[in-house]
Amino acid sequence: MSAPLQDQGPPLLRVEGVRKYFALTKGILFTRTLGHIKAVDDVSFDIRAGETLGLVGESGCGKTTTSRMILNLEEPTEGRILLEGEAIHGLQGDALRAYRTKVQAVFQDPWSSLNPRMKVGRTIAESLIVNAWGDRAAIDERVRELLVQVGLRPEQAQQYPHEFSGGQRQRVALAAALASRPRLIVLDEPVSALDVSIRAQMMNLLKDIQAKDDVAYLLVAHDLATVRHMADHTVVMYLGKIVERAPTAALFDDVRHPYTKALFSAVLEAWPGQAAEEIELKGEVPSPLDPPSGCRFHTRCPYVMPHCSQREPALREVSPDHFVACHLFE
Amino acid sequence: MFRKVARVFALAVVLVAGASVPSRAQDQKGTLVFAVESLSAQTLDPILEGRPGNAVYQAVMYDSLVGFDLEKGGIGPGVAERWELSADGLTWTFFIRPGQTFHNGDKLTAHDVKFSLERQMGPGSLASAAASMRRTIKNIEVVDDLTVKVQTTSPQIGLPAGLSRAVAPEGAIMPKAYIERVGEEEFRKKPIGSGPWKFVRNVPGDRIEFTAVTTPHWRGRPHFKDLHLLLVPEESTRVAMVRTGEAAIASIGPETMLGASRAGLEVLSVPGTMQAVFQFWGTYKPEVKDSPIAKARVRQALSLAIDRKQVIEHVMNGRARMPYPFATFGYTDYFSADRWEKWAAEAYRYDPVLAKKILAEEGYPNGFELKFANTALPGTQFMVDIGTAIADMWTKVGVKVTIKHYEWGSFAPMERGDQAGLIGWASMYRTAGRPDAPWRYDGAFSPESIQRLLGDKENCQEICQDFVKTSRALGSELDKTKRTALTDHMVELTANSWTVIPILEGMGYYAINTKKVGQFAPITGRHELGDVFERIPRPEQKPWKK
Amino acid sequence: MGSKARVRRTARVPWIPIAIISVIVIMALFAPLLAPYSPIDQTLRDKLLPPAWMTGGSDKYFLGTDAFGRDILSRLIYGARVSLMVAVLALTVGGGVGLAVGIVAGYVGGAVDSVLMRLVDAAFTFPAILFALLLSVTMGQGLGTLVIAITLLLWASFARVIRGEVLSLRQRDFVALARVRGCSAPRIMLTHILPNVLNTFMVLVTLNIGVVIIAEATLSFLGAGIPPPTPTWGLMISEGRGRIADAWWVALIPGIAITLMVLSVNLFGDWLRDRLDPRLRQL
Amino acid sequence: MKRYIARRLMQGAVLLCMVATIVFFLGRLTGNPVDLMLPEDATAEDRAALTQTLGLDGPILDQFAIFVGKAIHGDLGTSIRMKQPAVDAFFDRLPNTLVLIPWAILLGMLLGIPLGVVAALHRGGLLDRAAGTVAVLGVAMPSFWLGILLIFVFSVELGWLPSGRMGGPAHYVLPVITLGTFLVAGFMRITRSAMLEVMESEFVKLARIKGLSEAVVIWKHCLRNALIPVLTLWGVFVGNLITGAIVTETVFAWPGIGRLTYEAVIYRDFPLLQAVIILKSILILSINLAVDILYAYVDPRIRLA
Amino acid sequence: MTPDAKGETVLEVRDLHTHFFLRRGVVKAVDGVSFSLRRGEVLGLVGESGCGKSLTALSLMRLLPKGGAQTIKGEVLLGGENILECTPAEMREIRGRRISMVLQDPQTSLNPVFAIGDQLREALLRRKRAPLTRAPHAEVMKEAVAALRRVEIAAPEQRISQYPHQMSGGMKQRVVGAIAISGEPGVLIADEPTTALDVTIQLQYLKLLKRLQAETGMAILFITHDFGVVGRMCDRVAVMYAGRIVECGPVRRIFEAPQHPYTRALIASVPKMTGPVGRLTTIEGQPPSLMDLPVGCRFASRCSLVEQRCLDAYPGTVRVGDEHTADCWKATPA
């Protein structure tokens, strides 16, 4: 069990020992469980108001499942998630509605995140309408304001998504997320589908909005450079587990976990010829259905030690606020 | 189940099984193919087929105790050469034609007759008259090999008719020794009769095949070697098959008649077998007291509005005739046919002016709304056509007709034995003629019957009571003259009540390919050809005529 | 992302089918104005007259007469009315039920989906024509019976296709986002799912008009359709089928009308599908 | 796979129970066979006797209980009209229908699949539209009308083919055409859209990059993939064919289960009707299951899942 | 090994125009692209989505998508022969043997219904010019195993009978690679082959490509949108914008001294792993519609240095250095 981040104040969102297992079953009447896909396995972290937490990892590491649990789209198998001290799963009625206004999301694919049959103004206004935020005029005014805020023109509220480019759609999605003045926005790979030139616009916009509205971000990403530019804290996940967690600056200064190191060396810097210490990982990510024993990374780790396959390393603090789950640091 | 599946696949592999037929006498050759719209139950056990009209295929291989009068229609000699009634009217004696054999060579004797009648009355019998036979037949006695006595509980004038194929197949004679030896199951698989055709094979849903007996037969020795009865439900296909020669004869309806004759086929119609009638249920019931059709004159007006000649000419292609009163046919015994023919020609004339006048007099100058239920048995599409034509004629005298077509089986009032659903309606269907009118009348008019057209037990007024009285008297009246008078009275009562009104008479139509069969004539009053096949000549032979 | 320019070459607008459909719809709408005679009025003396252009044909009856001397052209015009009415009613009811079931099953999922889909399977297993026959025998022939019977034939196929669409829609992010924004399940189904399956629904409706018309005709053929004398195309064929050898026009003309109509709506539907939803490959 | 089959069998069983119940009660509502079996002038007494003989006199729930009890033992009753076990009647006629169906499917595929491929290759062009029209013509013609026309033209006028009934190979031609034409459009449409989808896929591009000939690309790489959805249609089509057989078998006097079904309805032969529908459902379910297994064989993604 | 001298040009593209002819108008997706590729060299073709880079590749393969795409102008000289003039049959001979391609999405690049071995076999048999059906099976399969081994697939003997869905994305992309190079082509076009892969797998794949190139000496046209990949893989890079190559030059030159404002802005807008974390440089606006291209410089509307002449006419290609060109009025000729 890992300790929560040391914090200055109470966290906005606290993820406590959360696990998500998807059961694989067999049988018709009397089902036997063959095993579980351990998509997320004992993950804890905090997000403080107004700050950005980066969640990094390769596909299948559990970062998206984690974000979906925070969005209350999935129930955790174990553990709990607290928003402002209140557990979010099991909320009903008004409490759930209140929660829905506080946590919003922007997803990766701008082509699938807008209802093609709905005017974008209506999409942006949706959370206001369902939460009876105000009368029609007030909502229209708010939509105009939001459109301007994300760098679009107010009259574009009357257009349909197909009239927008990918970058513009992502701005609309952001406007819709901002509508209810949320405290936390889950950004699931918000820029990875965008072109390089548009990506920078979007990242700047996100930062501007955070500065102005004091909203917290959970940034799910696979691109370390993006995380570096956006996040205050960074959590690195591998096969459902947190392997390293630290303030972003500290992490980029001093990478500890071998997996994180491999991840860093796999980043192809846009500056040719920079020969850094390079760790090329062999093989592929093992199946989460049957994760390796002990340290889950031991099958691919260049520094593997005999006991790595036996014991699971705990997440321990190796320097202030820098946690690593690796036997090398025991 | 698995064995069944295996059998299915085995059958599926063997598509056509060639049957080798032993060679036979030269004078019997070729196959007579008859396509019919329904083979009904398609069973060759006579006790399993209730409807006489559908038993065309049983007539082929079984003889019945009482046969036909080939000339006049109605009953005639059959397995029994003659029969007589005792003076008290309680015992019928049947004298069996000597020298008859079953297909396996067994002699046909009085024992077989007794056995057959008892089998028809037995609990496993689906014969339509099984119940009434059980009630009325007290005892069957074998006097000698060729004589049988049937004792009844009360005088049963109609018994011989009931044991002929003209009414029901109850008179079919089955081989006692054979059935007792092999059992019912085996008999049903390999049936044996005494008719001019021997059973060969029965393919459910497709056909039944027979082969001719080679020895002389009192019904006539077949000219063809084989007889195939094909089940072809679609009428246009049947006609097509006759045109192509795939079938020699097919049953048809009036709608294909014109096409068939234009295509060079001969169209045969059987006179006086059935009537199209329309009738009014429960007109005596208090709940319809104020309904227009509770008035006999209104019902008469509706009859006057029907242009029967038009219907006969255009719907039936001229192959039908003006009817006698309800269910009375020219060949019926104890009935003044000439008198009623004249009466009907006048009463059933077309007079729309008078019809309108009567309606006005009765208080319906602008007509009224009438619901019209039209029922048709499978294969009688023309009933729908007749109904449609009549509805139009009624409309033209101002009656607003809502026509509803039913299949016979879903004719709700019939099924419940209650006419509640159709009270206040006009309804139309087809009825078969019977050699013995009282029987048919009893089923339609008596308060105990299913239809009870004149009155039920609660509402049996004057006419109804008169009918009951007449009907009872008829049942035990042995004197021919008195009987005729009683019958005429009964017909008069019902005809003038205008509760059942005939439209036309005579429906039994066949398309014939003259390249496949020679000239022949049907038996009057017998609309299926089951008793004619053996007499049908090959095309090159001389015609068979009555 | 590659520079793959997504082009969809749209098939040409099927003008001929559209024209045929329009003619039939106009016939149906303005039948009393267009028909030269009453469709049920009999003139037995004029029965089975061939079309006007044939020898023996009469100028009075352009397409000839049937066995009751009724004007085939008038019956054809009124028949269009009945066929279309049956189609509209059956598609509204059957399509609507299928749409609702498909959306609920697809969106709610789980046990609800299982139960609904088993019902759909049952409907597929149960021969619909047979059901219609049974029903017409139970309830009597008539428009209501026919519509119910055809509805039972349609809803399951609608439900199955729509559910498939909804399943893939449900994977789209905007549905998850709608939940995040606090939309209730009914709201999501109504405002997010429904508008997005309407295209598919329209294509299905179009392609099924033909199915309905054929079903109506087949049931009339089997004696379980709308009872005579109301003219329907199927009934006209059924009535004329015995006379194909001597009065071919009685059955052939309505047959051609059905064929043209169904062909047209199908070609139109194909085009619509190509335009609206090229992935849709249902029948 | 075994698990999948087991689950499907379970579902099938549930479905059959539903179907059987519906059929039983619906059948009882539709009228009484007694009147069809008796002449018009039968007396009330005859009627009552026959009703009892046929076991139609008890309360309907009792009748249902008896029916269920027997059905569990594979006895679906005795046909009222034909007086033989209904199951036997069905299996007597089944081969006649089964010999028709594969030919109809074959006809549908032989015409439909090439038309679909041609249409896909010329998408939006004249050939596409022509192929579409030809295929759709099959659905546009009511099958009974087509059947009657075929008989009239090929049998009556031209005298080339027999007009009805089972028999030698010539007897199969017209019923198979009548039954099969409506499949053409189905096969054509699905082949076309599947081909269009497949032809846009990356692996087809890769096949071309390999330098494979156009014929191999289309007929091997594309068609094999396009055939997977075509196969799923089989299940639906066989169901349709069995239903369509009602009409075709009536027109062509074909003694199969379609006709049997129609007769069972017309004559209110309840036990037969129940048996026919239940057995038909079993047939359709097993064919669907077989198709799905076949599907798994063709599509390795399912086979090895 | 062919006796080509190092540095020999194996592929030269001159003024290639591939347009989509739609009813709505003409989409000028590739509108005057020229570049050359030398033996043993990796040329990166970089650009944002919709700039025409993939269509350029497909034009080279002559595998344009159906529905109106057409190469209307230009030359593609493969070993001196203009393959745009080849017959389809000749083109089939060329594909896979002289020029080949790896596609972006490993998930859909392999036919799902055939085993890996079958799909390799087709390619291998092509190389031998043997009829598809008549080559001895065992021998071809042995070669297929070797081909898999060459792309570093573990346990190739087992893999050969597996189906695509049983393999991971990275592994599939290796198989695609094996198929693509089985004909020993002189030119390999790699169209974003690693975009769909995880970063650690991407690194493996790029290294593999490099190794294979070293072994065979083939030239690679590497299409990507990722400057990181360019930096790792390429010798030279061509930057594409709105259907044209706007700048082309050695990788180091492009990164260190980009001459075109678009290249400059693009490189600046990429978040970096080192250096200060601040606001990113952005390129405002959107690329122009390919159906309605401006007469002048296509970047003019987004360019911070725009002048009147930029709007009036398209700048010519300016040689700004050794093997370095840029399409900009402001570029200083070397």
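A, B, ... follow the sequence lines: proteins, then strands. Residue 1 opens every chain. Atom set for the values below is all heavy atoms of this structure, side chains included, hydrogens, waters and symmetry mates excluded. Quick caveat, the model's predicted, so the values are computed rather than measured.
- Looking at A/L114, the atoms closer than 4.5 Å to chain C (heavy atoms on both sides) all sit in the backbone: N, CA, C or O.
- Other residues, nucleotides and ligands place no more than 12 heavy atoms under 6.0 Å from the CD1 atom of C/I16.
- For a heavy-atom cut-off of 4.5 Å, chain C lies close to A/R68 in residues 62-70 of chain A.
- At a 4.5 Å heavy-atom cutoff, A/V186 makes no contact with chain C through either its backbone or its side chain.
- More than 12 heavy atoms of other residues, nucleotides or ligands shown are found within 6.0 angstrom of CZ on C/R187.
- Of all the listed residues (A/A179, A/A176, A/A177, A/P182), the one sharing the greatest number of non-hydrogen pairs under 4.5 Å with chain C is A/A176.
- The environment of A/E75 atom CD is dense: over 12 non-hydrogen atoms of other residues, nucleotides or ligands sit within 6.0 angstrom.
- The two residues A/M118 and C/T191 have their closest heavy-atom pair at CE-O, 3.8 Å.
- Ranked by heavy-atom pairs under 4.5 Å with chain C, the first of A/R122, A/E126, A/Q108 is A/E126.
- In this structure, the portion of A/N131 lying under 4.5 Å from any heavy atom of chain C is its side chain and not its backbone.
- The parts of A/T123 that come within reach of chain C are both its backbone and its side chain, each placing non-hydrogen atoms under 4.5 angstrom from that chain.
- The distance from atom CG of C/D173 to atom OG of A/S112, rounded to the nearest 0.5 Å, is 3.5 Å.
- Contact annotation for residues 174-186 of chain C against chain A (heavy-atom separation below 4.5 Å, listed by residue number): C/F174, C/A176, C/L177, C/A178, C/R179, C/V180, C/R181, C/G182, C/C183.
- A/R117 CZ to C/N199 CG: the interatomic distance, rounded to the nearest 0.5 Å, is 4.0 Å.
- Each of A/N115, A/V130, A/I129 has some count of heavy-atom pairs under 4.5 Å with chain C, and the biggest count is that of A/N115.
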